[in-house]
Amino acid sequence: MANMSLTKNEMPAQEPQVRNQNFLEVALGYSKEQAIDEANRCLNCKHKPCISGCPVRIDIPAFIQETARGNFDTAYEIISRSSSLPAVCGRVCPQESQCEQKCVRGIKGEPVAIGRLERFVADYQNTYGNTKLTKPASNGHKIAVIGSGPSGLACAGDLAKKGYSVTIFEALHLAGGVLVYGIPEFRLPKAIVQKEINALKELGVEIATNVIIGKTLSIEELQNEYGFEAVFVGSGAGLPNFMNIPGENLKGVYSANEFLTRVNLMKAYTPDSTTPIQKGKKVMVVGGGNVAMDAARCAKRLGAEVTIVYRRTENELPARHEEVEHAKEEGIQFKLLTSPIEIKGDSNGWVTGLCCQEMTLSQPDDSGRRKPVPLENSAFEMEADCVIMSIGTSPNPLIKDTTKGLSIRNWGGIIVDEATGLTSLTGVYAGGDAVTGAATVILAMGAGKTAAEAIDSYLKGEGAS
Amino acid sequence: MYRIVKKESLNPTVTLMEVEAPLIAKKAEPGQFIILRVDSNGERIPLTIADFNRATGTVTIIYQIVGATTQALDHLKEGENIQDFAGPLGRPTETEDFKKVAVVGGGVGCAIAYPVAKKLYEQGCEVHSITGFRNKELVILEEEFKKVSNKLVLMTDDGSYGTKGLVTDALKTLIESGEKYDAVITIGPLIMMKFVCALTKEYQIKTLASMNPIMIDGTGMCGGCRLSVGGKTKFACVDGPDFDGHEIDFDEALTRSSIYKPFERRAHEEVCHLYEMEVK
Ligand SMILES: Cc1cc2nc3c(=O)[nH]c(=O)nc-3n(C[C@H](O)[C@H](O)[C@H](O)COP(=O)(O)OP(=O)(O)OC[C@H]3O[C@@H](n4cnc5c(N)ncnc54)[C@H](O)[C@@H]3O)c2cc1C
Ligand SMILES: Cc1cc2nc3c(=O)[nH]c(=O)nc-3n(C[C@H](O)[C@H](O)[C@H](O)COP(=O)(O)OP(=O)(O)OC[C@H]3O[C@@H](n4cnc5c(N)ncnc54)[C@H](O)[C@@H]3O)c2cc1C
Ligand code: SF4
Ligand code: SF4
Ligand code: FES
Ligand SMILES: [Mg+2]
């Protein structure tokens with residue numbers, strides 16, 4: 001008999017006033033008992049609406065049924081057929097707008113906690129699993145993957161399993177993309193990412209860090225001199241946008257990318273790190289996405305009083321609901337319907353304040369979107385010694401600028417055939433944020449898998465032209 | 001890991017290292033730089049590619065020991081490894097159309113200026129090099145510069161070697177004596193470049209300054225290296241490091257370079273302390 005509770009099993013978590021002072025993981029994960037209890041809330045619906053909400057079509061009812069029976073290994077196997085990063089996606093997927101949004105239990109009460117169950121199954125496997133990965137027999141084909149974010153990792157993994165010799169080229173000194181330089185430890189422990197990367201290495205994937213494609217090597221060289229028969233570009237959308245308002249180059253103004261890179265990749269929050277970071281006292285984070293929440297929560301953990309400044313209302317905040325709630329619990333203030341117009345500084349060039357104006361939302365336009373418009377004479381100043389700009393990123397132009405014939409949209413995204421990820425160049429595929437602009441881990445991973453499939457067909461001659 | 005194949009002290013605070021990095025050596029052009037991490041807790045710091053050898057696959061860096069990371073780097077010996085070494089980054093210095101150029105280097109900036117002077121000279125350009133140092137003890141690359149310059153003026157602040165005075169004095173003298181330069185290329189401390197650019201602006205001589213803001217990734221990902229050039233924000237690691245010296249907001253660059261001063265001082269002391277203990 002199904003568990004008819006209207007609410008999800010709560011996720012144990014560190015207390016807000018404790019966790020906002022450390023970088024340890026916030027959500028602690030279900031116990032076996034909680035997982036089984038939650039899994040029993042699933043009705044195993046015949047028409048499986050939840051699956052349609054998952055970008056990679058995990059067989060959700062099937063893995064949950066196995067979880068309910070305590071067959072965690074089988075559950076893991078089912079998830080693995082569709083996802084290569086369940087421990088990551090179970091933590092960071094915007095479930096509330098994907099799988100869980102479609103769950104029938106959500107019509108009356110809360111949906112089944114699909115994400116939390118996925119996380120449980122993956123963590124269980126990571127802790128107790130003993131499926132030894134073996135390097136498959138080589139099929140003699142060489143593939144290059146550019147970038148080691150979720151799209152690149154997924155593409156490399158799927159190809160390696162098919163016997164391809166895959167080399168990942170990563171510009172930074174550490175593999176993982178946004179998973180290691182952007183998303184903080186307290187939301188996604190780096191050990192989990194490292195585990196995924198080690199698994200790829202066991203499959204025979206080579207990871208060449210410190211190689212910047214477009215500088216150290218070009219795509220053309222990879223193909224013509226190094227003999228890579230296909231190339232997957234998963235270089236992400238790492239170029240930070242600024243607002244172009246006065247004062248943005250003052251000391252104490254960061255892009256979220258810089259702030260998060262210093263904190264996460266370079267571990268500036270640990271005493272051993274030699275990378276400096278400014279520990280602000282009053283920090284303003286401009287923007288309302290996941291990146292803004294992460295920056296705000298990192299700043300809080302470094303000891304600051306933190307305010308998020310966002311130009312629309314709470315309903316439009318693009319960040320995951322759970323992250324907004326967590327941020328609020330941790331004591332982060334929200335200044336909504338507010339937009340910066342200038343950053344003020346002192347004679348030494350340090351930030352002293354953020355000048356803003358109040359906004360209101362216009363009537364919905366044809367597309368139904370309500371635009372923020374400034375209220376007249378509403379300017380005011382808030383004190384700040386650090387401002388973190390988190391207003392979006394675009395694809396880095398490095399690869400575009402150094403790859404002849406690669407077609408690009410005017411905002412920088414690589415143009416691909418959606419079904420295969422094929423770009424305008426023969427043998428060159430792309431996916432993830434480099435194609436879509438800043439999106440999600442699961443979409444990037446899905447794009448990597450799609451391209452792996454297409455590369456396999458291409459090299460087997462089925463798709464060759 | 002990147003092996004140090006040669007290490008040589010050029011003066012008490014400046015060291016040259018030749019590092020095995022074949023992919024970088026193959027691509028490097030004068031004006032470009034690398035980013036390194038000494039060890040796995042290390043910060044990422046940029047250093048210019050002072051020279052490269054495509055045949056042996058090595059890249060030369062010349063660094064001044066100024067703080068924690070350069071000190072830690074200097075602690076490594078020949079045969080040991082640098083943890084990370086990535087590049088070549090930035091755009092090569094524009095050297096194509098010049099027939100006659102004054103290269104103005106200050107201190108360790110001469111290490112950055114040298115490959116540029118060399119390339120210009122090899123292209124058949126007339127090169128006048130002006131190198132400036134605080135005193136005789138700190139002079140570097142004198143012989144190297146002689147080989148790639150039609151004229152070399154060596155200045156020291158205290159007159160202990162070469163001519164007494166600042167590089168701007170020497171440049172002004174040359175210009176006043178009727179030398180006509182297509183361009184001036186200047187590399188050194190910000191304050192020196194600021195004054196060189198102010199001088200060449202008076203004479204309306206095109207000037208390139210090689211900027212050295214604080215960097216991390218060096219790939220355009222963080223924006224930490226941004227500068228104002230002609231009123232626009234530029235990322236030095238991808239748009240530079242060379243910029244039109246008459247357009248750069250040097251005062252902004254000067255204040256931005258001091259962001260982490262207190263942290264850096266502490267880190268430096270800690271490293272010194274650590275090495276002292278090792279000696280005991
Ligand atoms: C702070 C932050 C929080 C986020 N939170 C969430 C979340 O909660 N949930 C969610 O689903 N999504 C989240 N996202 C978005 C998600 O992380 C991205 O959509 C996803 O990582 C994109 O994956 P990718 O593989 O396309 O690229 P990335 O993860 O960006 O990886 C690209 C990699 O390519 C490397 N690279 C770039 N150029 C080159 C080159 N020329 N040569 C070699 N290597 C190169 C980069 O160094 C990087 O390692 C967040 C993003 C950020 C920044
Ligand atoms: C493109 C470029 C090329 C450079 N080439 C050379 C070179 O060939 N030889 C050389 O001796 N130096 C060079 N520098 C400067 C060199 O990077 C710094 O001296 C070095 O980072 C200092 O590190 P530290 O920890 O020893 O000293 P710290 O005490 O940490 O810093 C001393 C000063 O160096 C600067 N600095 C600190 N961290 C960085 C950083 N991450 N990036 C850039 N500057 C920083 C700051 O102005 C700081 O005040 C270059 C800088 C740039 C941007
Ligand atoms: S991958 Fe994401 S969307 Fe798919 S089932 Fe898991 S949490 Fe839901
Ligand atoms: S929609 Fe909800 S209840 Fe139905 S199968 Fe999917 S997870 Fe289970
Ligand atoms: S160093 Fe990060 S953008 Fe230049
Ligand atoms: Mg330092």
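Letters go in sequence order (proteins before strands), and every chain restarts at 1.
The CD1 atom of Ile35(B) sits 8.0 Å away from atom CD1 of Ile212(A), with the distance rounded to the nearest 0.5 Å. Note that OG1 of Thr274(A) is 9.5 Å distant from CD1 of Ile45(B), once rounded to the nearest 0.5 Å.
Residue contact with chain B, scored on non-hydrogen atoms closer than 4.5 Å, is absent for Leu174(A). Using a 4.5 Å cut-off between heavy atoms, Asp401(A) does not touch chain B at all. Thr216(A) touches chain B through backbone and side chain together, each having a heavy atom under 4.5 Å away. The contact between Glu221(A) and chain B is made entirely by side chain atoms (from C-beta outward), counting heavy-atom distances below 4.5 Å. The contact between Gln32(B) and chain A is made entirely by side chain atoms (from C-beta outward), counting heavy-atom distances below 4.5 Å. Looking at Arg44(B), both its backbone and its side chain come within 4.5 Å of chain A, counting heavy atoms on both sides.
Other residues, nucleotides and ligands contribute over 12 non-hydrogen atoms within 6.0 Å of the CG atom of Asn224(A). Glu206(A) CD: 12 or fewer foreign heavy atoms inside a 6.0 Å radius. Within a 6.0 Å radius of CD in Glu252(B), more than 12 heavy atoms belonging to other residues, nucleotides or ligands are found.
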Kindly determine whether Val253(A) and Arg226(B) satisfy side chain to side chain contact (heavy atoms under 4.5 Å, CB included), including the steps that lead there.
CA-CA 11 Å; Val253(A) 184; Arg226(B) 62 197 186 279; 3.7 Å; yes

Apply side-chain hydrogen bond (donor to acceptor under 3.5 Å, both in side chains) to Ser258(B) and Lys251(A), showing your working.
CA-CA 9 Å; Ser258(B) 71; Lys251(A) 291 185 285 188; 3.0 Å; yes

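Side-chain contact between Tyr181(A) and Asp217(B): absent, with no pair of heavy atoms (C-beta onward) separated by less than 4.5 Å.
Your options are Ser40(B), Gly90(B), Ala21(B), and the one with the most heavy-atom pairs under 4.5 Å with chain A is Gly90(B).
Looking only at distances, a side-chain donor or acceptor of Asn257(A) sits under 3.5 Å from a matching main-chain atom of Met221(B).
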